[in-house]
Protein chains: 2
Amino acid sequence: MNLKELAATLNLSQTTVSRALNGYPEVREETRARVLAAAKAANYAPNSRARRLATGRAMTIGHVIPLTGRAEMVNPIFADFLIGAGEVYAREGYDLLLSMVTDGDSEAAFRQIAANGSVDGVMVQAPQITDPRIALLQELDLPFLVHGRTGDAEGYSWLDIANIRAFRRATEFLLDLGHRRIALLNGQECFDFARRRRQGFEDALEARGVAPLPHLMANDAMTEGFGYLSASAMLDGPEPPTAFLASSVIIAIGIRRACGERGLRMGRDISVICHDDELSYLNNDVGGPAFTATRSSIRAAGRRCAEILIDLIRNPEQPPIQELWETDLTVGRSTGPCPAA
Amino acid sequence: MNLKELAATLNLSQTTVSRALNGYPEVREETRARVLAAAKAANYAPNSRARRLATGRAMTIGHVIPLTGRAEMVNPIFADFLIGAGEVYAREGYDLLLSMVTDGDSEAAFRQIAANGSVDGVMVQAPQITDPRIALLQELDLPFLVHGRTGDAEGYSWLDIANIRAFRRATEFLLDLGHRRIALLNGQECFDFARRRRQGFEDALEARGVAPLPHLMANDAMTEGFGYLSASAMLDGPEPPTAFLASSVIIAIGIRRACGERGLRMGRDISVICHDDELSYLNNDVGGPAFTATRSSIRAAGRRCAEILIDLIRNPEQPPIQELWETDLTVGRSTGPCPAA
DNA sequence: CACCGATCCCAAAGCGCTTTGGGTTGGCGC
DNA sequence: GCGCCAACCCAAAGCGCTTTGGGATCGGTG
């Protein structure tokens with residue numbers, strides 16, 4: 001069933017039927033009702049391909065996920081982000097186009113997307129310190145929103161959390177408990193967020209005159225295995241840490257495993273703080289907060305990012321929108337005073 | 001830049017340019033080369049909206065993710081599945097359209113998708129015991145592939161793992177170690193896979209004349225919190241289990257936490273087996289397999305599912321394709337002989 | 001009564017591509 | 001020289017929708 005046929009059965013023109021369906025005022029309410037009823041009865045829905053061609057709008061937003069060779073670090077994070085964003089897209093009538101591109105083909109992918117007009121805008125996640133995507137998208141004149149930020153963070157729209165403050169605060173929390181040998185298990189430092197987190201960590205140490213210990217700092221894809229191996233090595237090595245600061249709950253779970261194997265009780269023998277993205281399947285609050293954590297809902301971020309991006313698409317001429325979210329600090333059972341040496 | 005303009009600069013007709021670009025034989029190789037060069041120089045890519053309308057193919061595959069109110073149980077799983085499928089789609093020139101629908105709107109969503117022709121086929125994940133989606137998609141005559149299966153599993157295409165055998169095998173493994181009080185922490189039993197897993201578990205017990213203990217069986221969304229809470233309650237209750245069988249690594253991580261808090265060492269005081277989907281960020285092999293586990297790569301499943309679905313779309317008249325994958329059993333450090341009572 | 005502005009509706013022109021159904025050329029066999 | 005087949009190329013007709021630019025109709029006004 002297409003518009004033409006539907007119009008024929010109604011003895012109306014395509015124009016009128018189209019207008020009736022799309023809520024234009026030039027059609028009598030009685031006629032509109034008749035059209036809507038017929039459309040529903042015939043199970044008619046306008047062909048989206050035709051509509052997109054005619055309107056010039058794709059009504060689609062692209063999420064381009066770079067698959068970095070060895071580990072898809074965004075993986076656990078991006079699922080919840082996607083769900084949040086997807087809720088908003090659905091509500092606003094946008095489709096979500098997901099592209100996986102192997103790292104390096106990223107530029108070609110964006111050019112392709114821009115040239116063939118399959119999306120109205122794109123979401124950029126996990127920007128790296130020097131990230132060519134932003135300049136490229138500006139050049140291509142494609143609306144985009146960055147989750148995170150990088151460079152001077154000016155001239156484009158982004159939503160980010162206050163990583164530096166979050167990690168400074170977390171570090172101070174540990175310092176206040178008397179910890180001095182604090183380990184940082186961070187995400188890969190090619191990413192802007194990881195750099196900021198380290199900076200927050202180092203700022204706090206420096207403010208208290210505590211020297212950061214290179215052998216207690218590691219960064220890599222935020223997997224459970226990374227947390228486990230790094231924590232194991234540090235705990236078994238010389239000058240083991242009395243506390244850990246981790247960039248993700250997943251890393252913290254690896255740390256917990258390493259501690260468990262060594263008979264160390266979290267919150268007593270060893271302290272752990274992590275950043276909690278509030279992943280749905282790793283809820284930190286069940287049974288009272290397990291980890292002391294800085295937290296910010298990644299799903300809420302996804303929702304808000306989607307809203308902003310849609311706004312950007314609808315009003316292309318507005319100035320950049322930038323939002324910085326503060327994190328909460330939840331005190332859980334994983335931290336305690338530094339045991340006397 | 002569009003086809004018309006490109007054709008004009010080349011002094012060729014749109015027809016010829018289109019054919020040259022799409023690899024049709026009616027055009028001289030020299031001409032084709034000239035066209036390709038010009039297209040590249042002008043950074044031309046055919047407008048996908050127009051192409052889709054003209055060809056009648058959407059070149060898009062839909063993944064419809066139901067958001068069940070309280071917990072998006074597929075969440076941790078579906079991300080890796082998506083990545084696997086996405087790789088194949090990208091390779092084959094298909095786009096991936098992701099729809100989040102709140103449970104219950106599912107039927108309307110499928111009807112909409114079918115009527116407006118935005119996808120050529122859909123992927124169905126996590127089928128429930130009685131799942132209306134399959135009959136609906138058959139009625140709508142939309143190609144689809146089910147990851148998992150349900151009902152009589154006939155008349156439609158699916159790819160599934162041998163859940164019954166996997167869980168029977170895992171249970172036997174524990175029985176062979178002398179365990180008799182084995183707990184099952186399963187996914188929600190509205191899902192077919194969870195029912196099959198329980199059946200495998202019960203089959204193994206029955207074959208050895210061991211009665212299943214209702215107070216040692218629980219099922220819910222497969223979160224860390226569920227694993228933690230259930231395991232805690234069982235361990236603190238009467239007749240505590242000596243071993244756990246869990247439907248997901250994530251549940252097992254919760255069990256590990258509960259054990260850790262109680263000073264129970266996995267593999268010695270308590271045994272844990274789980275099913276491992278080989279989630280990228282929860283690699284069980286780092287530092288030697290932590291959990292004894294039945295395993296099957298969810299990402300590989302995503303890849304294969306995508307291949308099958310594309311095959312189904314390209315050859316609609318073929319008989320259903322059905323694949324059953326066996327799982328591996330990896331012995332890790334989380335299991336050991338049942339401690340003497 | 002002529003005129004005018006609302007109100008309701010329509011025919012037809014795109015949107016940018018693919019594809020049908022030829023047309024033109026040149027070379028070859030007879 | 002004629003006919004015929006390849007090899008190349010083209011004009012134009014869609015694909016199914018939106019949107020432009022009017023054309024009727026009708027009640028109210030001066």
Side-chain angles (χ1 to χ4, degrees), chain A residues 1-36 38-39 42-60 93-95 112-120 314, chain B residues 1-36 38-39 42-60 93-95 112-120 314:
Chain A
M1 171 64 75
N2 59 25
L3 226 210
K4 197 167 165 185
E5 293 164 22
L6 183 64
T9 70
L10 282 162
N11 279 324
L12 286 172
S13 72
Q14 293 189 41
T15 310
T16 303
V17 176
S18 171
R19 284 184 164 152
L21 292 173
N22 291 310
Y24 283 82
E26 298 92 336
V27 38
R28 207 179 356 166
E29 277 314 317
E30 180 198 322
T31 309
R32 188 194 307 282
R34 204 158 61 89
V35 170
L36 287 174
N43 206 359
Y44 168 81
N47 181 295
S48 68
R49 297 191 290 268
R51 182 203 280 256
R52 281 158 212 234
L53 179 58
T55 59
R57 275 169 289 132
M59 291 309 285
T60 301
Y94 280 83
D95 280 343
Q112 174 75 16
I113 276 178
N116 78 180
S118 51
V119 304
D120 299 317
R314 289 189 181 146
Chain B
M1 171 64 76
N2 60 24
L3 227 210
K4 197 168 166 183
E5 293 164 24
L6 183 63
T9 70
L10 283 162
N11 279 324
L12 286 172
S13 73
Q14 293 190 41
T15 309
T16 304
V17 176
S18 171
R19 285 184 162 153
L21 293 173
N22 291 311
Y24 283 82
E26 300 92 335
V27 39
R28 208 181 352 170
E29 276 314 316
E30 180 197 321
T31 309
R32 187 192 308 281
R34 205 158 62 90
V35 170
L36 287 173
N43 206 359
Y44 168 81
N47 182 294
S48 69
R49 296 192 290 267
R51 181 202 279 256
R52 281 158 210 228
L53 179 58
T55 60
R57 275 170 288 132
M59 290 310 285
T60 302
Y94 280 82
D95 280 342
Q112 172 77 15
I113 276 178
N116 78 179
S118 51
V119 303
D120 299 317
R314 290 191 180 142

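Per chain, numbering begins at 1; letters A, B, ... match sequence-line order.
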Scan the side chains in residues 16-25 of chain B for donor-acceptor partners under 3.5 Å anywhere in the protein, sequence neighbours excluded, and list what turns up.
unit_1, atom_1, unit_2, atom_2, d
Thr16(B), OG1, Ser13(B), OG, 3.1
Ser18(B), OG, Asn22(B), ND2, 3.4
Asn22(B), ND2, Ser18(B), O, 3.0

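Atom-to-atom distance recorded for Arg51(B):CZ and Met59(B):CE is 8.0 Å, nearest 0.5 angstrom. If you take OG1 on Thr31(B) and CG on Leu10(B), they are separated by 9.5 Å, rounding to the nearest 0.5 Å. In this structure, Arg34(B) CZ and Asn11(B) CG are separated by 7.5 Å, a value rounded to the nearest 0.5 Å. Note that OG of Ser48(A) is 11.5 Å distant from CG of Leu53(A), once rounded to the nearest 0.5 Å.
The two residues Leu6(A) and Tyr44(A) have their closest heavy-atom pair at CD2-CD2, 3.8 Å. Scanning all heavy atoms of the two residues, the minimum distance from Ala58(B) to Gly117(B) falls at CB-O, 3.9 Å. Heavy-atom minimum distance, Arg49(B) versus Gly56(A): NH2-O, 3.2 Å.
With sequence neighbours left out, Asn2(B) forms a side chain to side chain contact (heavy atoms under 4.5 Å, CB included) with Lys4(B), Glu5(B). Residues satisfying the salt bridge (charged side-chain N to carboxylate O under 4.0 Å, His left out) test with Arg314(A), not counting sequence neighbours, are Glu92(A). Residues satisfying the side chain to side chain donor-acceptor pair (under 3.5 Å) test with Arg52(A), not counting sequence neighbours, are Thr60(A), Asp95(A). For the side chain to side chain donor-acceptor pair (under 3.5 Å) test, residues two or more places apart in sequence or in another chain that qualify with Ser118(A) are Asn116(A). Residues passing the salt bridge (charged side-chain N to carboxylate O under 4.0 Å, His left out) test with Asp120(A), sequence neighbours excluded: none. Scanning for side chain to side chain donor-acceptor pair (under 3.5 Å) contacts around Glu30(B) gives an empty result, with sequence neighbours left out.
The stretch residues 43-55 of chain B comes close to DNA chain D through Leu53(B), Ala54(B), each having a heavy atom under 4.0 Å from the strand. Residues of residues 25-33 of chain A that place a heavy atom closer than 4.0 Å to DNA chain C, in numerical order, are Glu26(A), Val27(A), Arg28(A), Thr31(A). A heavy atom lying under 4.0 Å from DNA chain C marks the following residues of residues 3-16 of chain B, by number: Leu3(B), Gln14(B), Thr15(B).
Here chain A contacts DNA chain D (any atom closer than 4.0 Å to a heavy atom, that is under 4.0 Å), and the contacts span dG16(D) to dG21(D) from 5' to 3'.
Distance CZ (Arg19(A)) to C1' (dC9(C)): 8 Å, rounded to an integer number of Å.
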request  = Mind running side chain to side chain contact (heavy atoms under 4.5 Å, CB included) on Asn43(B) and Met1(B) for me, showing each step along the way?
outcome  = CA-CA 8 Å; Asn43(B) 206 359; Met1(B) 171 64 76; over 6 Å; no

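Overall, the helix from dC1(C)-dG30(D) to dC30(C)-dG1(D) carries an axis bend of 60° between its ends, with five pairs at each end and the value rounded to 10°.
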